[in-house]
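Below is one structure; the comments refer to it alone.
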Amino acid sequence: MTQYPREDGRRLPAWETISQADREYLAGQTPYRLQTIMYATHVTAVPAAEFTADITAADRRLAALLDAETGARAYFGNWTFAKAAHETDPMRAAEAEYYLCDALIEYGNQHHGGVWSSTFPVLDHTLYGRHQTPPTDNQ
């Protein structure tokens, strides 16, 4: 687990300290949270081949960030988009997504003016809104 200063001053709870029920819930959501951050919207089904290509590109951008901004490693450690998206064990995937999504949000907000800011080089801004959940009749 990586430790870094969070905006609210609190430490991110270690995965192991989260209740089993909550971890199972998070495992059932994977990779939805990561897709929501990557596409900057609530998403519907993302085609597997497209998501794989987007994950690969995101990991290249993350690696470049880690090389360019020395403080980024404290946030991201060894977590990658592929670990969160392609892990076959649901609990391990959920753990990777838990840490990666928090690091994306915290680092983007603290060092680039926001996780969806155009200055945050990890996310591809041309993907924003893709695969958006269509509005329901109630919206």
Side-chain angles (χ1 to χ4, degrees):
M1 182 174 97
T2 54
Q3 287 297 326
Y4 44 83
R6 297 180 78 234
E7 285 185 289
D8 65 7
R10 295 181 304 165
R11 295 176 74 140
L12 180 67
W15 178 255
E16 299 78 26
T17 66
I18 298 171
S19 74
Q20 182 68 27
D22 287 345
R23 285 185 285 165
E24 288 173 6
Y25 174 78
L26 292 173
Q29 297 292 312
T30 303
Y32 179 75
R33 290 178 316 282
L34 183 59
Q35 290 173 338
T36 299
I37 289 175
M38 290 178 64
Y39 300 111
T41 187
H42 294 288
V43 296
T44 57
V46 179
E50 192 172 328
F51 188 48
T52 297
D54 294 341
I55 289 295
T56 302
D59 273 336
R60 281 195 301 271
R61 289 189 300 275
L62 177 57
L65 175 81
L66 295 176
D67 287 342
E69 298 183 21
T70 56
R73 181 67 66 186
Y75 289 75
F76 294 98
N78 293 319
W79 298 110
T80 65
F81 286 81
K83 282 182 183 177
H86 300 311
E87 171 61 54
T88 58
D89 179 286
M91 281 299 197
R92 292 180 69 189
E95 177 184 13
E97 185 179 66
Y98 174 75
Y99 287 117
L100 178 62
C101 287
D102 190 76
L104 287 166
I105 292 166
E106 290 293 330
Y107 195 80
N109 288 350
Q110 293 178 37
H111 298 277
H112 290 277
V115 69
W116 292 301
S117 167
S118 62
T119 66
F120 188 37
V122 176
L123 300 177
D124 179 353
H125 304 74
T126 65
L127 300 178
Y128 290 1
R130 191 175 293 178
H131 312 294
Q132 185 171 13
T133 303
T136 64
D137 292 338
N138 301 12
Q139 295 178 333

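In this text, all values refer to a predicted model and were calculated from it rather than measured experimentally.
Note that CD1 of Ile105 and CD1 of Ile37 are 4.0 Å apart. Values are rounded to the nearest 0.5 Å. Atom CG of residue Leu104 and atom CG of residue Asn109 lie 10.0 Å apart, to the nearest 0.5 angstrom. Distance check, rounded to the nearest 0.5 Å: OH of Tyr99 to NZ of Lys83 gives 12.5 Å. Here the CD1-CZ distance, from Ile18 to Arg23, works out to 7.5 Å after rounding to the nearest 0.5 Å. The NE2 atom of His86 sits 12.0 Å away from atom OG1 of Thr88, with the distance rounded to the nearest 0.5 Å. In this structure, CG on Leu34 lies 5.0 Å from CD1 on Ile55, to the nearest 0.5 angstrom.
Under the 4.5 Å side-chain criterion, counting only non-hydrogen atoms from C-beta, Asp124 is not in contact with Asp54. The shortest side-chain heavy-atom distance between Glu95 and Leu26 does not fall under the 4.5 Å cut-off. With a 4.5 Å cut-off on side-chain heavy atoms, His131 and Pro47 count as touching. Inter-residue side-chain proximity for Met91 and Trp15 is flagged as met; some heavy-atom pair is nearer than 4.5 Å. Tyr107 has its side chain within reach of Phe120: a pair of non-hydrogen atoms, C-beta onward, lies under 4.5 Å apart. The side-chain heavy atoms of Val115 and Glu106, taken from C-beta on, include no pair separated by under 4.5 Å. Counting heavy atoms from C-beta outward, Tyr128 and Thr41 have side chains that stay 4.5 Å or more apart. Looking at heavy atoms from C-beta onward, Leu65 lies out of side-chain contact with His111 at the 4.5 angstrom threshold.
Listed here is the closest heavy atom pair of Tyr39 and Val46: OH-CG1, 3.6 Å. Closest approach of Gln132 to Thr44, counting heavy atoms only: O-CG2, 3.8 Å. In this structure, Gln35 and Val43 approach most closely via the heavy-atom pair OE1-CG2, 3.5 Å. Scanning all heavy atoms of the two residues, the minimum distance from Ala85 to Phe51 falls at CB-CE2, 3.6 Å. Closest of all the heavy-atom pairs between Glu7 and Gln110 is N-NE2, 3.3 Å. Between Thr30 and Ala94 the shortest heavy-atom distance is OG1-CA, 3.4 Å.
Pairs passing the salt bridge (charged side-chain N to carboxylate O under 4.0 Å, His left out) check and including a residue from residues 107-122, sequence neighbours excluded, do not occur.
For Arg61, the CZ atom is densely surrounded, since the number of other residues' heavy atoms within 6.0 Å is greater than 12. When the shell of 6.0 Å around NE2 of His42 is examined, it contains 12 or fewer heavy atoms from other residues, nucleotides or ligands.
Residues satisfying the salt bridge (charged side-chain N to carboxylate O under 4.0 Å, His left out) test with Asp89, not counting sequence neighbours, are none. Taking Asp102 as the reference, Arg6 meet the salt bridge (charged side-chain N to carboxylate O under 4.0 Å, His left out) condition, with sequence neighbours excluded. Annotation: salt bridge (charged side-chain N to carboxylate O under 4.0 Å, His left out) contacts of Arg130 (sequence neighbours excluded): Glu50. Every residue two or more places apart in sequence or in another chain that forms a salt bridge (charged side-chain N to carboxylate O under 4.0 Å, His left out) with Arg33 is listed here: Glu97. Annotation: ring pair (Phe, Tyr, Trp, His ring centres under 6.0 Å) contacts of Phe81 (sequence neighbours excluded): none.
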